[in-house]
Protein chains: 2
Amino acid sequence: MNSLIVQKQKYWEINSEDKVNFQILFTHSILSQFKFVENLSETNRVFLLIDENIWKIYKNQFETLINNSIKEFHIKKVKPDEENKTVDSSIEIIRFLDDKSLRRKSEPVIAIGGGVILDIASFAASIYRRGVPIIKIPTNLLAIVDACVGVKTGVNLGIKRNRIGTYYPPQKVLIDKSFLKTCPQRHITNGLGEIFKIALIKSSSLFKQLEAYTETVGIEEKLCIGALASKIINDSISLMLEELEPNLWEKNLQRCVDFGHSFSPYIELKNINELLHGEAVTLDCLFSTCLAFNLNFINKNKLLRIYRLANSLGLPIFHRDFTNKKLIEKSLNETKAHRNGNLNLPIPSDIGEYIFVNQLSDEIIDKTIDCYKLIKEEL
Amino acid sequence: MNSLIVQKQKYWEINSEDKVNFQILFTHSILSQFKFVENLSETNRVFLLIDENIWKIYKNQFETLINNSIKEFHIKKVKPDEENKTVDSSIEIIRFLDDKSLRRKSEPVIAIGGGVILDIASFAASIYRRGVPIIKIPTNLLAIVDACVGVKTGVNLGIKRNRIGTYYPPQKVLIDKSFLKTCPQRHITNGLGEIFKIALIKSSSLFKQLEAYTETVGIEEKLCIGALASKIINDSISLMLEELEPNLWEKNLQRCVDFGHSFSPYIELKNINELLHGEAVTLDCLFSTCLAFNLNFINKNKLLRIYRLANSLGLPIFHRDFTNKKLIEKSLNETKAHRNGNLNLPIPSDIGEYIFVNQLSDEIIDKTIDCYKLIKEEL
């Protein structure tokens with residue numbers, strides 16, 4: 001750390017640097033052995049925050065591992081529903097940790113679950129004692145390619161998605177793809193939504209891999225084994241990190257990874273019981289692509305090719321709320337405040353390429369809604 | 001920002017740096033003109049979070065300033081009581097900002113008040129949209145020499161003081177000492193408690209200035225004017241920054257500025273309606289000095305000299321809870337968890353010098369309690 005205080009007559013200037021370093025690792029051993037837990041050398045206590053659904057599915061395995069361990073386990077099950085992603089849930093986790101006087105640096109919290117659990121748990125870890133270490137273990141595809149990548153934590157404020165949160169690097173992320181074997185198909189598809197997003201905006205190569213994947217493997221097969229699925233997951237994480245890593249604290253609000261997150265956040269939480277995150281993101285990507293088509297960045301063939309890929313992946317390609325101009329405008333206003341008054345709307349300028357749009361006329365929104373209504377009939 | 005992704009076969013390594021830079025400035029103009037507000041060039045809107053008491057005292061001045069300003073003001077008054085230092089109060093502030101769609105980077109929140117307001121407001125700012133800028137304006141002595149120095153934010157969790165919080169650098173700190181003119185004497189004395197702490201542990205020169213201050217000025221005079229008072233405030237801030245600035249994120253948990261904060265946090269909140277923060281800190285400093293005396297680091301003369309200074313400053317020198325061994329042990333256990341299992345107890349080894357103690361026998365605690373009970377009779 002460099003440090004310097006310049007004290008002049010009337011002021012002090014504080015300069016400092018916080019260094020961040022963490023790894024995202026693949027592992028195969030979580031359910032067969034608790035090696036990473038046994039390796040926590042500084043403590044005999046293990047604090048697990050675990051997705052209720054994952055606990056139900058793997059209860060026997062976990063209980064065997066825990067019974068065979070020399071460590072002392074403290075376990076809290078957390079509801080994985082989006083409605084549960086609240087400040088109150090985070091405080092509940094904090095009370096659980098505080099009741100046991102968690103040590104501030106040497107007893108990392110271990111969160112195992114989907115994006116909701118990882119987001120709530122990492123927010124809780126980031127504000128308890130101004131931050132205690134957390135190890136994240138994602139158990140579904142969306143969490144693997146999205147929630148566990150980067151340093152964002154967050155909970156919802158009413159229907160404002162992730163309106164409250166922090167930037168908080170985990171101590172470590174452990175990915176065990178064997179969890180995907182029990183991941184419901186809809187949640188695999190949900191994860192494919194974020195992969196579809198990053199491919200469309202940033203990588204024609206990944207886009208083609210996804211096309212090949214739908215042709216050869218078929219959407220009915222789980223995305224957890226096989227060389228192509230592995231490569232798709234790897235590439236997706238690498239592409240995300242390429243964007244996140246130089247801008248971890250979002251000092252730059254022009255972010256291409258915000259593609260799919262401009263119109264959808266409000267609509268997603270409005271339809272909390274109907275839409276999953278990756279589904280809402282996909283719908284936003286498609287709407288934004290219709291916009292790109294109407295602004296003449298994308299031609300008709302490519303527009304259809306993009307729609308066809310989403311469709312073959314099993315993702316939704318239409319939702320009535322994207323045809324409601326008032327909702328679109330409300331979403332854009334929220335998005336604008338979040339991007340400090342600018343739209344910074346990433347839209348595809350080609351498959352795997354993007355530009356930012358900062359002005360949208362009334363007319364172009366109308367045309368985009370019309371296009372969005374009709375295009376699905378042409379597939 | 002340096003950035004690097006090392007992608008090997010099975011993992012990614014994320015490296016980054018967050019740079020922090022902010023100033024603590026003196027100003028005389030807050031109540032006579034809103035220059036710093038008019039200078040907010042990127043926005044026409046001003047969001048003020050203001051201490052209810054300060055608003056009551058300065059209502060007319062603020063209203064005149066606001067009426068003469070070209071800016072649009074949004075004002076929220078915040079209760080300055082320690083009981084109000086909760087997550088809920090922070091969420092209430094966030095709702096206030098969110099209702100007005102505060103822009104994420106260019107509309108800084110301005111917090112004016114004592115430590116409670118600055119702590120709640122900066123915690124709220126740090127978690128709203130993962131952080132919006134905040135300008136802090138302390139209005140009492142404790143806030144000037146303590147709450148506004150450094151990057152900690154915090155709210156209480158039940159009677160656990162600052163158990164929830166973040167490290168969050170403000171955009172700027174503006175100190176206007178003219179607020180002290182209306183600061184109640186007990187709150188001036190309260191601020192002197194933190195100054196007494198930093199002097200005793202770190203600076204015999206500041207200690208002597210405080211002694212001179214009690215002799216020449218008398219404690220009945222407010223600490224806001226005069227060269228000596230100014231120098232005391234300046235030195236106190238500089239000494240605090242000397243310790244905080246190289247360790248902003250508390251990666252090192254051996255902190256001499258934790259002097260006075262080892263036995264007191266639990267006792268302070270247990271006596272929330274009786275003890276102010278600086279008073280609780282002073283009581284802890286005196287108890288720790290009794291400990292240092294019993295460990296033969298401090299001789300009797302110095303022990304008495306330290307007690308006499310606290311007494312002359314108008315600070316409390318005795319509280320029954322420090323004679324309750326169960327409470328002392330409970331406090332130490334809490335402190336230990338917060339310091340990751342170590343006591344790291346800073347105690348004076350001389351006036352202006354310190355060492356850390358990591359072991360306390362039962363016997364030494366008994367002796368310290370006995371000393372603490374009796375010493376006040378010898379002044």
Side-chain angles (χ1 to χ4, degrees), chain A residues 1 3-5 7 10-26 87 91 94-95 98 101-106 123 126-131 152-154 157 160 162-167 169 237-238 241-242 245-246 248-250 253 333-334 336-341, chain B residues 1 3-5 7 10-26 87 91 94-95 98 101-106 123 126-131 152-154 157 160 162-167 169 237-238 241-242 245-246 248-250 253 333-334 336-341:
Chain A
M1 180 192 286
S3 72
L4 173 78
I5 306 174
Q7 193 201 340
K10 297 251 170 203
Y11 74 94
W12 292 264
E13 180 155 341
I14 291 96
N15 281 299
S16 196
E17 272 173 26
D18 191 19
K19 288 203 176 166
V20 163
N21 169 259
F22 68 96
Q23 293 186 342
I24 302 176
L25 302 100
F26 285 110
V87 170
I91 300 300
I94 287 173
R95 285 190 200 279
D98 198 56
S101 289
L102 180 89
R103 286 189 177 181
R104 195 165 159 198
K105 306 258 187 192
S106 59
F123 178 62
S126 75
I127 63 170
Y128 178 53
R129 295 183 185 283
R130 295 183 291 281
K152 290 199 215 177
T153 81
L157 179 68
K160 311 287 184 70
N162 292 335
R163 190 54 52 93
I164 291 177
T166 51
Y167 300 103
I237 294 174
S238 293
L241 283 174
E242 232 175 80
E245 204 266 355
L248 274 190
W249 292 273
E250 299 181 297
L253 292 178
N333 282 337
E334 297 270 344
K336 238 175 147 167
H338 201 58
R339 297 178 192 163
N340 200 41
Chain B
M1 182 192 286
S3 72
L4 173 77
I5 306 174
Q7 194 200 339
K10 297 252 171 201
Y11 75 94
W12 292 264
E13 181 155 340
I14 292 96
N15 281 298
S16 197
E17 274 174 26
D18 191 19
K19 290 203 174 165
V20 162
N21 168 260
F22 69 95
Q23 294 185 342
I24 302 176
L25 302 100
F26 284 110
V87 170
I91 300 300
I94 287 174
R95 285 190 200 280
D98 198 56
S101 288
L102 180 89
R103 287 190 178 181
R104 195 167 159 197
K105 305 258 188 190
S106 59
F123 178 62
S126 76
I127 63 170
Y128 177 53
R129 296 184 185 282
R130 294 183 291 279
K152 289 199 213 177
T153 80
L157 178 67
K160 311 288 183 71
N162 292 334
R163 190 55 50 94
I164 291 177
T166 51
Y167 299 102
I237 295 174
S238 293
L241 282 174
E242 233 175 78
E245 204 264 355
L248 273 190
W249 291 273
E250 300 182 296
L253 291 179
N333 283 336
E334 296 270 345
K336 238 175 150 170
H338 201 58
R339 297 178 192 161
N340 199 41

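We name chains A, B, ... by the order of the sequence lines, and we start the count at 1 in each one. What's counted below: heavy atoms across the whole structure, side chains too, no hydrogens, waters or symmetry copies. Predicted, not measured: the structure shown is a model, and the values here were computed from it.
The distance from the OH atom of B/Y167 to the OG atom of A/S126 is 12.0 Å, given to the nearest 0.5 Å. Between atom CZ of residue A/F123 and atom CD1 of residue B/I127 there is a gap of 4.0 Å, rounded to the nearest 0.5 Å.
When A/I94, A/T153, A/D98, A/N333 are compared by the number of non-hydrogen pairs under 4.5 Å with chain B, A/D98 comes out ahead. Here B/R163 is the residue among B/R103, B/Q23, B/E250, B/R163 with the most heavy-atom pairs under 4.5 Å with chain A. For chain A, the option among B/E334, B/R339, B/R130 with the highest count of heavy-atom pairs below 4.5 Å is B/R130.
Taking the ring centroids of A/W12 and B/F26, they lie under the 6.0 Å cut-off.
A distance-only check finds no donor-acceptor pair linking the side chain of B/D18 to the backbone of A/K19 [under 3.5 Å]. For A/N340 (side chain) and B/S106 (main-chain N/O), a donor-acceptor pair under 3.5 Å exists by modelled atom type. Looking at B/E13, its side chain never comes within 3.5 Å of a backbone N or O of A/F22 through a donor-acceptor pair.
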Run the numbers on B/N15 and A/V20 for side chain to side chain contact (heavy atoms under 4.5 Å, CB included), then give the verdict. CA-CA 6 Å; B/N15 281 298; A/V20 163; over 6 Å; no
Side chain to side chain contact (heavy atoms under 4.5 Å, CB included), that's the test. Do B/I91 and A/I164 meet it? Break it down for me. CA-CA 9 Å; B/I91 300 300; A/I164 291 177; 3.6 Å; yes
Please determine whether side chain to side chain contact (heavy atoms under 4.5 Å, CB included) holds for the pair B/H338 and A/R129, giving the CA-CA distance in whole Å, both sets of side-chain angles, and the decisive distance to 0.1 Å. CA-CA 7 Å; B/H338 201 58; A/R129 295 183 185 283; 2.6 Å; yes
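For A/K160, the part lying near chain B is the side chain, with the backbone staying farther off; criterion is any non-hydrogen pair under 4.5 Å. Using a 4.5 Å cut-off between heavy atoms, B/L25 contacts chain A through both its backbone and its side chain. In this structure, the portion of A/L253 lying under 4.5 Å from any heavy atom of chain B is its side chain and not its backbone.
Contact detail for B/S101 and A/A337: the closest heavy-atom pair is O-CB, 3.8 Å.
For B/K152, the NZ atom sits in a packed shell: over 12 heavy atoms of surrounding residues, nucleotides or ligands are nearer than 6.0 Å. The environment of NZ in A/K105 is crowded: more than 12 heavy-atom neighbours from other residues, nucleotides or ligands sit within 6.0 Å.
Between B/I14 and A/L248, some side-chain heavy-atom pair lies under the 4.5 Å cut-off.
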